[in-house]
Protein chains: 2
Amino acid sequence: MSSIRDVAKLAGVSVSTVSRVLGGSQKVGKETRRRVEQAIETIGYQPNLLAQGLRSKRGSLIGLVVPEIRQEIFSSFVEYIGDEVRARGYSLITGNTHGQPEIEDEFIESLVRRHVDGIIFSRVSDRSRALGILEKDGIPTVIIDRYLDNEDIPTIVMDNYGAGALAAEHLVGLGHRRFAVITGLQNIALCRERQRGFAEYIERCGLALPHHNVYEGNFKLESGIEAAESFLEHGIDFTAIWAENDLMALGAMNTLIRAGRKVPQDISIMGMDDIISAKIMIPSLTTIRQPFAAMCSKAVELLFGMINGEECGERRVSLPASLIVRESTARCAT
Amino acid sequence: MSSIRDVAKLAGVSVSTVSRVLGGSQKVGKETRRRVEQAIETIGYQPNLLAQGLRSKRGSLIGLVVPEIRQEIFSSFVEYIGDEVRARGYSLITGNTHGQPEIEDEFIESLVRRHVDGIIFSRVSDRSRALGILEKDGIPTVIIDRYLDNEDIPTIVMDNYGAGALAAEHLVGLGHRRFAVITGLQNIALCRERQRGFAEYIERCGLALPHHNVYEGNFKLESGIEAAESFLEHGIDFTAIWAENDLMALGAMNTLIRAGRKVPQDISIMGMDDIISAKIMIPSLTTIRQPFAAMCSKAVELLFGMINGEECGERRVSLPASLIVRESTARCAT
DNA sequence: CTGAAAGCGCTAACAC
DNA sequence: GTGTTAGCGCTTTCAG
């Protein structure tokens with residue numbers, strides 16, 4: 001691997017001149033610059049990012065920490081954020097916490113030790129504590145998707161309360177009056193928000209969501225299946241289900257159909273996220289689409305603003321959800 | 001951020017002694033070691049990985065480059081490999097090439113500049129050229145999943161030829177004699193292998209796979225839909241379809257069902273990969289499961305062997321596929 | 001067993 | 001404009 005010295009020698013200049021050419025912005029004589037560029041070209045020189053990072057405190061590295069990378073929503077974060085970061089000449093270190101605060105801490109710590117330029121972070125749950133580490137090290141951080149209410153860190157979320165209300169509005173609009181809801185983990189703030197949005201909307205319509213009609217899942221397929229089994233077993237009375245993500249909705253739908261229920265004739269089902277499976281299912285799944293691409297690009301924009309020392313005005317960006325009506329919901333028959 | 005000097009000062013020793021304690025293996029007096037550890041503890045010192053990397057040429061970093069991270073198989077690579085790498089105290093830089101050789105080159109180059117300790121690589125296609133860069137820089141590399149035949153780099157794959165034959169065997173065993181196949185891109189070696197395995201098996205049974213019954217897709221849902229539409233439109237005659245991945249199989253199944261065909265009564269369909277959607281579909285999808293976890297752990301094992309300077313004996317590891325029979329395939333009626 | 005000193009490859013004052 | 005020099009924080013000879 002060639003170093004800046006080799007270039008300097010070949011071009012007949014000092015290393016600092018080469019460094020200036022590399023930096024771009026500094027003043028270098030026209031002819032000198034040409035010679036240096038020539039030398040860089042013939043040697044095929046590429047600056048060592050470790051050395052650059054150590055010296056200048058800018059490692060061209062961004063960390064992304066998510067709870068479960070195999071879930072489509074988080075792998076889409078990796079895709080979108082990865083693309084934006086690459087376009088800016090940075091690399092992306094990804095951390096998959098498996099929903100465990102201990103692993104989360106471990107990742108954040110290693111990112112700090114590596115002096116990454118910034119971190120985008122989708123926390124495990126309210127139990128996350130990693131942010132303390134970050135604050136004292138002053139690494140620019142933005143939270144995406146999984147947030148906590150009482151924090152001062154720039155946060156990009158979808159309007160989860162509004163999404164819950166949107167789901168309720170769609171179902172009530174179809175004439176449904178008895179609902180079941182499959183939530184995510186209650187120690188995740190956005191799950192509580194979604195549920196609150198849904199419940200408060202139907203209350204405003206003079207309807208209620210009984211305790212027994214709410215099942216706490218964990219965003220995985222299996223918990224959607226378990227929810228439906230549980231509803232069936234306990235003879236819960238409802239004509240429409242909303243699940244706080246598509247995977248659980250699909251699990252529930254599958255179980256219900258196999259139990260002989262017709263969807264949407266007997267029961268309407270809707271989910272949230274708009275994953276690929278929602279589209280190819282028969283019946284296709286009515287859902288609420290999250291603006292993931294926009295969230296990611298906003299997060300990156302904010303993060304780079306902070307990296308470049310701008311004061312970050314927006315503390316809390318909340319993007320709207322949109323309703324995607326498909327086949328799994330229909331007018332209430334009863 | 002505290003440095004090794006702060007620790008040395010507090011412990012009343014030289015920086016080199018602290019460094020020795022950090023390294024672990026070197027000889028340090030028992031009492032001295034205790035004092036140093038004590039100091040590290042009270043300061044909360046963590047070595048700077050950039051500096052360590054620059055000096056020792058070991059950055060505790062692994063690069064993972066994949067064609068499309070949102071596809072479940074690749075996000076599972078990120079999960080499995082990420083876990084294994086983390087267990088060894090390394091971090092993972094991920095690169096998503098979107099199937100473009102240019103982006104692939106860009107990633108490999110930036111990994112080289114960052115002096116990562118090793119790279120795990122799932123190439124775009126036969127058009128990939130990035131390996132040249134790697135070889136000359138001597139960074140340990142292992143190929144996973146997407147390989148090329150004529151290379152000397154350690155490669156971990158599933159037995160794609162065998163998988164094709166396994167699919168054919170299952171279908172022929174059910175009495176099918178007229179097939180359609182939806183392949184991945186033909187410039188990806190493993191796609192050709194899968195198809196060859198399938199075609200040669202049915203030929204051995206005295207059956208044939210006409211040209212018109214093969215549709216070249218691109219592993220995406222849409223191409224499965226297009227394939228089915230094309231088969232329908234051209235009146236292609238078959239009783240069973242095999243698609244080289246589940247997403248395309250699901251797209252085709254959806255299209256066929258909506259066109260009035262009964263699956264599996266009229267047409268049997270099978271896929272490959274065993275993604276989550278395959279399970280929740282109605283009918284659930286018969287498929288071929290790839291041993292992704294085993295492939296990833298083998299890849300990491302080999303890679304770290306190379307990083308630690310062991311001569312890598314295994315040049316080509318080929319793991320077997322397994323058949324998962326579900327509802328979408330049945331005995332041929334005609 | 002421990003310390004002093006050199007230097008990984010680069011940037012950023014500081015001089016000229 | 002360009003060169004000289006001093007480190008960034010760490011590991012690793014080389015002495016002692």
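Treat the numbers as computed from the prediction; the structure is a model and nothing was measured. Heavy-atom basis, side chains included; hydrogens, waters and symmetry copies ignored. Sequence lines set the chain letters: A, B, ... in the order given, protein chains first and strands last, and positions in each chain run from 1.
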- Message: Quick test of your reading of the model: are A:Arg88 and A:Glu84 salt-bridged, counting only N-O distances below 4.0 Å?
- Response: yes
- Query: Honestly, is A:Arg123 close enough over A:Tyr147, meaning NZ or CZ under 6.0 Å from the six-membered ring centre and within 45° of the axis?
  - Reply: no
Provide, to the nearest angstrom, the distance between the [atom1] atom belonging to [X] and the [atom2] atom belonging to [N].
X: B:Lys27; N: C:dT2; atom1: NZ; atom2: C1'; answer: 13 Å
X: A:Arg34; N: D:dG1; atom1: CZ; atom2: P; answer: 17 Å
X: B:Arg35; N: C:dT2; atom1: CZ; atom2: C1'; answer: 11 Å
X: A:Lys9; N: C:dC10; atom1: NZ; atom2: P; answer: 13 Å

Report yes if the side chains of [X] and [Y] come closer than 4.5 Å at any heavy-atom pair, otherwise no.
X: B:Glu68; Y: B:Lys220; answer: yes
X: A:Leu148; Y: A:Asp126; answer: yes
X: A:Ile139; Y: A:Val112; answer: yes

- Task: Summarise protein proximity over nucleotides 6-16 of chain D in one line of letters, 5' to 3': B for base, S for sugar-phosphate only, - for none, counting protein heavy atoms closer than 4.0 Å.
- Result: BBBBBBBB---
- Task: Determine, using ring centers only, whether A:Phe292 and A:Tyr80 are less than 6.0 Å apart.
- Result: no
